[in-house]
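Throughout, protein chains are lettered first and strands after them, A, B, ... in sequence-line order, and every chain is numbered starting at 1.
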4 protein chains.
Amino acid sequence: MARDGTSPKWRRRKEARPAEIVDAALDAFAERGFAATRLEDVAERAGISKGTLYLYFRSKEELFKAVIQQAMVPNLALAEERLAISTGTTRELLLEVVGGFLGSVAGAKLSAIPKLIIGEANNFPEVAEFYTREVAGRGMRIIAAILKRGMDRGEVRPLDPSLAAPIIAGPLLLLVLWKNVLEPYAKQTIDAEEYMRTYADILLNGVLQRPAPKEG
Amino acid sequence: MARDGTSPKWRRRKEARPAEIVDAALDAFAERGFAATRLEDVAERAGISKGTLYLYFRSKEELFKAVIQQAMVPNLALAEERLAISTGTTRELLLEVVGGFLGSVAGAKLSAIPKLIIGEANNFPEVAEFYTREVAGRGMRIIAAILKRGMDRGEVRPLDPSLAAPIIAGPLLLLVLWKNVLEPYAKQTIDAEEYMRTYADILLNGVLQRPAPKEG
Amino acid sequence: MARDGTSPKWRRRKEARPAEIVDAALDAFAERGFAATRLEDVAERAGISKGTLYLYFRSKEELFKAVIQQAMVPNLALAEERLAISTGTTRELLLEVVGGFLGSVAGAKLSAIPKLIIGEANNFPEVAEFYTREVAGRGMRIIAAILKRGMDRGEVRPLDPSLAAPIIAGPLLLLVLWKNVLEPYAKQTIDAEEYMRTYADILLNGVLQRPAPKEG
Amino acid sequence: MARDGTSPKWRRRKEARPAEIVDAALDAFAERGFAATRLEDVAERAGISKGTLYLYFRSKEELFKAVIQQAMVPNLALAEERLAISTGTTRELLLEVVGGFLGSVAGAKLSAIPKLIIGEANNFPEVAEFYTREVAGRGMRIIAAILKRGMDRGEVRPLDPSLAAPIIAGPLLLLVLWKNVLEPYAKQTIDAEEYMRTYADILLNGVLQRPAPKEG
DNA sequence: CATGAATGAGTGTTCATTCAT
DNA sequence: TATGAATGAACACTCATTCAT
């Protein structure tokens with residue numbers, strides 16, 4: 001029985017399944033919200049039967065939690081590391097972080113998470129707390145750290161970093177939500193890249209020290 | 001005023017009912033989301049019986065639509081009028097509009113709407129479209145109009161107003177959502193007034209023409 | 001409306017419902033056991049819909065508990081009172097109590113309870129404890145009291161009443177179970193009255209003082 | 001002893017399996033009842049996998065039947081033989097049979113069977129019939145035979161043996177059920193040996209000819 | 001108009017049974 | 001033989017909706 005090196009179709013499945021299911025669930029939840037999603041739909045999307053779900057997740061709620069975690073956690077570490085290494089100017093740093101952000105918005109998958117959190121936070125206090133601390137909080141702290149570093153280097157105007165951080169994050173959140181929620185119902189589209197350029201323009205202008213305006 | 005025999009209190013009641021119900025529904029929906037809210041809870045909050053709801057709204061979905069409309073429509077006209085009359089500088093105008101916004105965030109009631117829309121847009125295309133057009137869209141157009149006016153007057157740097165508008169709105173959205181969704185699960189609070197001050201500082205700096213830097 | 005004395009079909013229902021449901025449930029449980037009974041069957045027997053059950057009982061388990069209690073409690077008080085009043089000989093007393101028992105066996109309804117308890121005790125510790133204390137225990141204590149009284153009056157041979165009581169109860173339990181469980185699958189029937197006569201004969205002989213053996 | 005290459009332990013295992021499974025099943029059924037027992041639990045107790053069960057039993061029901069049969073059949077033949085050989089007085093004979101019974105109660109295993117039968121008889125007509133005929137019926141017939149023999153020998157008072165038999169069996173059934181069902185939920189314990197002594201005392205007194213009442 | 005008892009379609013969850021390995 | 005992943009029928013329970021009062 002399977003004496004050779006080929007792994008049986010099945011075994012491999014066993015390991016991939018949880019991720020496949022979470023993926024399918026993210027899609028389904030993103031489309032209809034947590035409550036309105038039938039587990040049977042998730043199963044169908046994942047190409048399995050309803051019962052099989054329960055081999056991997058104890059309940060719909062557990063599945064939801066898994067969706068949130070699987071989607072967010074890896075992504076955050078990334079951003080943090082990027083920051084730690086960097087040596088450039090604040091301008092460069094901000095553009096880099098924000099550029100990375102743009103990338104994830106395009107890779108639509110996980111950009112549906114905020115929408116889910118917003119809709120269900122009150123029904124999943126645990127998840128809400130986790131998200132607040134580990135995602136929103138961490139994100140804010142990263143931005144605040146950049147600002148502080150910038151102020152230390154004299155590049156950034158004196159500001160309260162913990163207040164400025166969410167202000168910087170705001171337009172990004174709006175973009176994500178727009179793309180995920182309202183754009184399908186709008187007549188016009190926002191071009192993400194143009195948006196980000198304008199955003200960088202405005203925000204950097206708003207935040208950075210005026211560049212020694214040589215005489216107007 | 002009750003010239004006839006009928007109890008006026010009662011009469012007024014009858015007319016107020018729909019609004020009372022919508023109010024109760026907004027509360028309930030804001031707390032648990034549309035799907036997770038039981039009509040019985042709404043009824044209880046409104047001090048009526050489950051059956052009575054159906055005398056005023058044909059279904060849960062109709063009630064939802066009413067909630068969205070009742071909450072938003074009046075508020076928008078207000079902002080628009082404010083704009084039309086205004087004669088001040090762009091700085092003043094923006095601060096005024098944005099200040100009005102701060103007021104509505106404090107009057108928490110309708111600030112829960114965005115959260116609802118975000119969670120349920122896909123399940124209520126009609127509502128989503130309405131909201132996109134009449135609320136989000138109109139809001140953007142107001143801001144864009146201010147910017148354009150500012151550019152015409154030479155107060156605002158040259159920018160694409162339709163791109164800049166959502167960027168200006170972003171931090172406001174974030175504040176609303178933070179207050180309504182995550183703050184209960186966070187260790188720290190954002191002081192709305194401080195936040196708005198910093199916001200004005202950054203955004204105005206980012207958007208307005210540099211004030212004639214005299215020479216360094 | 002309903003100004004006259006007739007009570008609306010409905011109101012009256014409301015009050016009778018719980019008992020009707022418990023009745024239907026007892027039948028169903030008696031037939032198939034707790035686990036194998038579908039709530040839908042209970043509903044059907046009670047002439048109501050599945051959902052209506054839940055207006056009166058919070059869960060299948062609650063219904064089960066209600067069945068046990070409704071069936072047993074009233075019956076026990078009766079037996080106890082009968083005892084308290086009595087003034088006859090032990091023979092008369094035992095025959096009376098035991099006769100009452102025969103009556104309840106005929107009125108099959110509640111005679112299915114022991115069967116239910118036996119099958120589900122381990123799954124309903126609460127119920128088991130209640131039954132042990134309030135039904136089995138109380139029954140034993142009644143019998144033991146009769147015996148003790150009999151010994152005090154010199155009518156009953158010296159015996160440990162708390163051991164003798166279950167021995168006296170045993171044949172009664174067997175009869176109930178036989179009638180409820182195995183008889184449908186047996187070729188012969190036990191005639192309950194004959195059985196009780198023989199029972200009285202044997203047990204009284206076994207328990208009472210020998211009738212003045214004329215000089216032995 | 002393992003002279004060849006095949007592991008004998010393994011071999012023996014294979015043959016013992018059915019019995020082991022039935023054993024595990026008896027335990028599980030005794031604890032939770034037939035319906036509430038998951039086959040997975042049985043498998044776990046037996047130290048095998050869920051699928052393996054199906055190599056030995058075609059369904060849960062088949063397993064149940066096997067449990068009943070394996071538990072009862074051998075035990076009955078024993079009692080019958082004991083009777084056939086015996087030559088003592090009725091008193092001795094009864095005490096002997098009943099003593100054997102006491103032994104089996106102690107060896108708890110199969111004493112859970114009555115409980116199972118009582119709970120599931122209606123769901124397993126076949127089993128119920130088998131049990132009625134081969135266990136209950138046979139048991140009754142053994143006792144009846146003893147009584148008849150006793151009457152023939154003038155040791156037993158004239159009685160209808162087929163009515164007296166269940167009366168004699170009743171207290172034994174009660175003991176078994178008490179031990180298996182309610183005792184865990186009671187504050188007091190019944191000492192089985194004392195119980196049996198009192199039982200013998202009462203029943204023999206009730207059944208046997210009065211011991212030569214010296215001319216009364 | 002108002003009530004709340006009644007309904008039943010819908011969904012999460014369990015578990016006996018199957019079957020590819 | 002043995003495994004355990006996969007299945008899907010079955011059932012408890014919920015809740016929007018109806019309607020007799």
For [X], check side chain to side chain donor-acceptor pair (under 3.5 Å) against everything at least two apart and list the hits.
X	result
D:Glu61	none
A:Thr52	A:Ser49
D:Tyr54	none

Nearest-nucleotide wise, let me know which of A:Ala35 and D:Phe34 is further upstream toward the 5' end of DNA chain E.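 It is A:Ala35, whose closest nucleotide lies nearer the 5' terminus.
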
Examine [N]: is either OP1 or OP2 under 4.0 Å from a nitrogen or oxygen in the side chain of [X]? Give yes or no.
X	N	result
A:Arg17	F:dA6	yes
A:Arg58	E:dG12	no
D:Tyr56	F:dT1	no

Note on DNA chain E: ranges paired as stems (three or more Watson-Crick/G-U pairs in a row, both atom distances under 3.5 Å) are E:2-21 with F:2-21

Tell me, which of residues 48-55 of chain C have any heavy atom that sits under 4.0 Å from an atom in DNA chain E? C:Ile48, C:Ser49, C:Lys50, C:Gly51, C:Thr52, C:Leu55

How long is the straight-line distance from OH of D:Tyr56 back to CD of D:Glu20, given to the nearest 0.5 Å?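 Spacing of CD (D:Glu20) from OH (D:Tyr56) equals 9.0 Å.
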
Would you list the atom pairs, donor with acceptor, under 3.5 Å between side chains in residues 25-33 of chain C and any protein atom, with sequence neighbours excluded?
| residue | atom | partner | partner atom | Å |
| --- | --- | --- | --- | --- |
| C:Asp27 | OD1 | C:Lys109 | NZ | 3.4 |
| C:Glu31 | OE1 | C:Arg45 | NH2 | 2.9 |
| C:Arg32 | NH2 | D:Asn123 | OD1 | 3.4 |

Testing D:Leu110, D:Ile113, D:Val135 one by one against D:Ile68 for a side chain to side chain contact (heavy atoms under 4.5 Å, CB included), which residue passes? D:Ile113

Can you identify which nucleotide, out of F:dC13, E:dT13, E:dT11, has its nearest atom closest to the A:Arg38 side chain? E:dT11

Can you see which heavy atom on A:Ala66 is nearest to which on A:Phe57, and at what distance?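 Answer, listing the atom of A:Ala66 first, then A:Phe57: CB-CE2, 3.5 Å.
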
